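Step one of this worksheet: look at the structure below.
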Amino acid sequence: MAAHRRTLMQSHQSWTDDLPLCQMCGVGAAPNCVYGPDGKGTQSHPMEDGHLRLRGEDGCFLYGVFNGYDGSRVANFAAQCLTAELLLGQLNSSHTDSDVRRILTQAFDVVEKSYFETIDDALAEKAHLSPYTLPHNENVAFHQLTPQSQKVQERLKELELEVSGGATAVVALILNNKLYVANVGTNRVLLCKSSSDGQNQVQQIGRPHSTDNEEELQRLAALGVDSARVRQVGQIAGQSSTRRLGDYRVKFNYNEIELLSSAKTKPIISEPEIHGSHSLDGLTGFLLLMSEGLINALESAHGPEQVNQEIVAMVAAELAQQTSLEAAAQSVVERVKRLHHDAYVSGRQREAYRHEDMTILIRILNYPLADGALTPTQGGRIYPVSVPYSNSQSTSKTSVTLSLVMPSQSTLTNGTSTASTLEEGTPTPGSQSPTATLQSTNTQTQSSSSSSGDGSLFRQRGSQAAQPDETGRVPPYVDFSQFYRLWGNEHSDGQSTQGGLGPQ
């Protein structure tokens with residue numbers, strides 16, 4: 001069995017690839033990035049995040065986001081093993097809430113035990129070779145070692161790469177139109193409920209298992225760990241999570257880690273926290289599963305206070321523009337990337353010199369997508385620009401994103417797209433002007449709901465995209481007439497501004 005699981009770990013193709021995907025779901029992702037002094041970014045390691053979006057039988061849907069570290073092995077293994085433990089007949093419509101919670105807990109337990117079975121031989125070999133390592137106080141260069149010692153050191157490095165690494169995981173299960181969430185670690189789940197008047201109620205399901213979670217700190221303190229010291233340091237063996245899958249260092253060798261050395265028993269656990277059920281009957285909105293990297297990147301750019309509302313506003317804005325869930329999810333990730341980069345380049349957050357892998361999964365719940373709008377999936381390209389905006393009725397500042405949707409360089413002949421010979425991005429004389437939409441990426445909140453804030457600057461946007469008139473123009477969503485008048489008064493030099501500044 002262990003050999004079979006090792007084969008599963010080493011395979012580049014997952015057996016879950018043959019399972020049906022949920023078509024009401026989209027996933028966006030971006031790899032890690034480290035900025036240089038010039039603001040240009042480079043990827044520091046391969047992508048380590050993973051995800052699930054599968055449709056089972058009997059009205060069962062399984063979603064998951066996995067944040068791997070020190071490699072993607074644990075994240076990939078967890079995604080495959082959880083699928084096997086949850087979608088092969090274990091769940092059916094007759095199960096009660098307590099049955100589902102029990103099955104979810106058991107599935108995570110199997111993942112943890114099964115993973116360590118795949119590396120038990122490597123751990124045993126590593127323990128056997130460890131006595132042959134040099135003491136830390138001996139300053140001996142590698143080339144000064146005997147050939148036998150060099151082989152031992154090289155083999156130990158290979159084994160460490162084979163057994164190191166872990167993952168945090170958040171899983172959402174929909175069964176009988178009820179939502180269950182199982183969380184291990186620092187990823188996040190948001191449930192957004194949309195009302196008929198366009199308002200969005202945002203509910204975060206559960207809290208991250210991190211070094212600033214009071215309940216987790218109390219759990220560690222009960223085991224003899226200095227919780228105040230854990231809070232101060234902020235990380236345990238390089239990670240902020242207090243619950244993880246894999247990571248043999250904190251599971252088997254925790255007494256060798258200073259922060260955990262006083263623990264009476266295993267302090268870092270893989271037991272999930274189960275939430276639910278949450279009824280989805282009659283609900284219109286969407287479900288978001290996000291990796292820690294995406295949350296941290298947005299918090300670095302804008303602070304942690306309104307992150308949930310900002311993400312929901314971004315998703316709603318993209319769902320209003322895109323006709324593809326995949327494009328909407330990817331556009332949200334690109335927005336967060338750009339905000340994080342701009343915060344670094346502007347000097348506001350110079351410590352935010354890097355971000356980790358980012359993943360978001362969007363599952364719509366009776367939520368309409370845009371229809372007929374010009375989007376990248378129809379050949380156009382979106383060029384969003386973030387500009388500062390201060391609401392006169394609020395002390396908080398809001399970031400407004402102006403999305404310029406540029407038509408593709410092609411012409412339509414009898415409904416058929418004909419590619420232009422011009423290079424991408426080259427303006428075509430006489431071509432259609434770009435249309436613009438203005439979306440607020442921050443909202444005012446009352447309790448768990450988010451509102452659109454001051455709408456006086458914006459014209460009400462209907463549910464349908466504005467249609468161009470005979471000149472190819474559409475009504476603007478923002479009224480710039482006052483700006484044109486004031487600018488004209490300042491710069492007219494006694495000349496009329498009519499026919500000068502502003503749209504003609």
Side-chain angles (χ1 to χ4, degrees), residues 65-67 69 101 104-105 108-109 112 166-172 179-192 201-247 249-251 254-255 257-278 287-312 351-352 356 445-450:
V65 167
F66 305 88
N67 177 31
Y69 58 90
R101 288 192 288 266
L104 281 169
T105 301
F108 275 84
D109 185 56
E112 178 84 344
T168 58
V170 64
V171 168
L179 171 67
Y180 305 84
V181 172
N183 182 47
V184 173
T186 48
N187 301 314
R188 187 173 299 187
V189 175
L190 299 179
L191 179 61
C192 177
Q201 287 187 336
V202 185
Q203 178 184 1
Q204 179 174 329
I205 302 179
R207 290 192 60 196
H209 302 127
S210 60
T211 53
D212 58 2
N213 182 323
E214 289 294 339
E215 293 182 359
E216 285 296 286
L217 290 174
Q218 292 175 13
R219 180 180 67 81
L220 293 176
L223 299 176
V225 176
D226 186 348
S227 59
R229 177 65 174 157
V230 170
R231 183 199 296 273
Q232 179 184 16
V233 174
Q235 288 190 336
I236 301 174
Q239 301 295 320
S240 63
S241 56
T242 56
R243 301 193 188 195
R244 316 170 187 178
L245 296 171
D247 200 340
R249 300 168 298 172
V250 297
K251 302 295 177 62
Y254 62 87
N255 55 348
I257 300 173
E258 181 183 358
L259 278 177
L260 308 177
S261 59
S262 59
K264 302 172 185 176
T265 186
K266 185 186 300 183
I268 307 300
I269 59 178
S270 60
E271 179 182 352
E273 189 173 356
I274 311 294
H275 301 272
S277 62
H278 301 269
L287 179 71
L288 304 179
L289 278 65
M290 298 168 288
S291 67
E292 179 187 9
L294 184 134
I295 297 299
N296 288 347
L298 188 55
E299 287 184 349
S300 295
H302 283 179
E305 294 80 11
Q306 296 291 325
V307 163
N308 289 350
Q309 285 70 29
E310 280 202 81
I311 285 289
V312 166
E351 66 272 16
E356 282 300 325
T445 60
Q446 295 180 350
S447 178
S448 61
S449 64
S450 63

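Being a predicted model, the structure only gives us computed values, none of them experimental. The basis for the numbers below is simple: all heavy atoms, side chains too, and nothing from hydrogens, waters or symmetry mates.
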Taken to the nearest 0.5 Å, the spacing of N67 CG from R244 CZ works out to 11.0 Å
Heavy atoms of Y254 and K266 approach each other most closely as OH-N, 3.6 Å
Report, one line per pair, each donor and acceptor closer than 3.5 Å where one atom sits in a side chain of residues 223-231; sequence neighbours left out.
unit_1: D226; atom_1: OD1; unit_2: A228; atom_2: N; d: 3.3
unit_1: D226; atom_1: OD1; unit_2: R229; atom_2: N; d: 3.2
unit_1: R229; atom_1: NH1; unit_2: Q232; atom_2: OE1; d: 3.4
unit_1: R231; atom_1: NH1; unit_2: E214; atom_2: OE2; d: 3.3
unit_1: R231; atom_1: NH2; unit_2: E214; atom_2: OE1; d: 3.2
unit_1: R231; atom_1: NH2; unit_2: E214; atom_2: OE2; d: 2.4

Sorted by chain and number, sequence neighbours left out, side-chain contact (heavy atoms from CB on, under 4.5 Å) with S262 holds for none
d(L294 CG, E299 CD) to nearest 0.5 Å is 10.0 Å
Are K251 and E112 close enough, and set up right, to give a salt bridge (charged side-chain N to carboxylate O under 4.0 Å, His left out), and what steps lead you there?
CA-CA 10 Å; K251 302 295 177 62; E112 178 84 344; 2.5 Å; yes
_Atom CD of Q204 with >12 non-hydrogen neighbours under 6.0 angstrom_ = yes
Q: Determine whether the side chains of R188 and N308 contain a donor N or O and an acceptor N or O closer than 3.5 Å.
A: yes
* **Derivation and outcome, salt bridge (charged side-chain N to carboxylate O under 4.0 Å, His left out), residues R207 and E273** => CA-CA 9 Å; R207 290 192 60 196; E273 189 173 356; over 6 Å; no
In this structure, CG of L289 is separated from CG of L191 (nearest 0.5 Å) by 10.5 Å
Q) With side chains defined as the heavy atoms from C-beta onward, is the minimum distance between N296 and E356 less than 4.5 Å? A) no
Heavy-atom closest pair (G276 atom, H278 atom, distance to 0.1 Å) is CA-CD2, 3.7 Å
Taking every heavy atom of Q309 against every heavy atom of V202, the minimum-distance pair comes out as NE2-CB, 4.4 Å
Tightest non-hydrogen contact, residues F108 and A182, listed as CE1-CB, 3.6 Å
The reported gap from CG in N213 to CD in Q218 (rounded to nearest 0.5 angstrom) is 9.0 Å
Donor-acceptor under 3.5 Å (R219 side chain, P267 main chain): yes
Q. Is it true that a side-chain atom of T242 and a backbone atom of H209 form a donor plus acceptor pair closer than 3.5 Å?
A. yes
CD1 (I257) and CD1 (I268) are apart, to the nearest 0.5 Å, by 8.0 Å
N183 and N187 have their tightest heavy-atom pair at OD1-O, 4.1 Å
So CD of E216 and OG1 of T211: to nearest 0.5 Å the spacing works out to 10.5 Å
Inset, instruction - Go through the steps to decide whether S210 and E292 satisfy the test side-chain contact (heavy atoms from CB on, under 4.5 Å), and finish with yes or no. - result: CA-CA 11 Å; S210 60; E292 179 187 9; over 6 Å; no
Taking every heavy atom of S270 against every heavy atom of V184, the minimum-distance pair comes out as O-CG2, 3.4 Å
Across all chains, not counting sequence neighbours, the salt bridge (charged side-chain N to carboxylate O under 4.0 Å, His left out) partners of D109 are K113
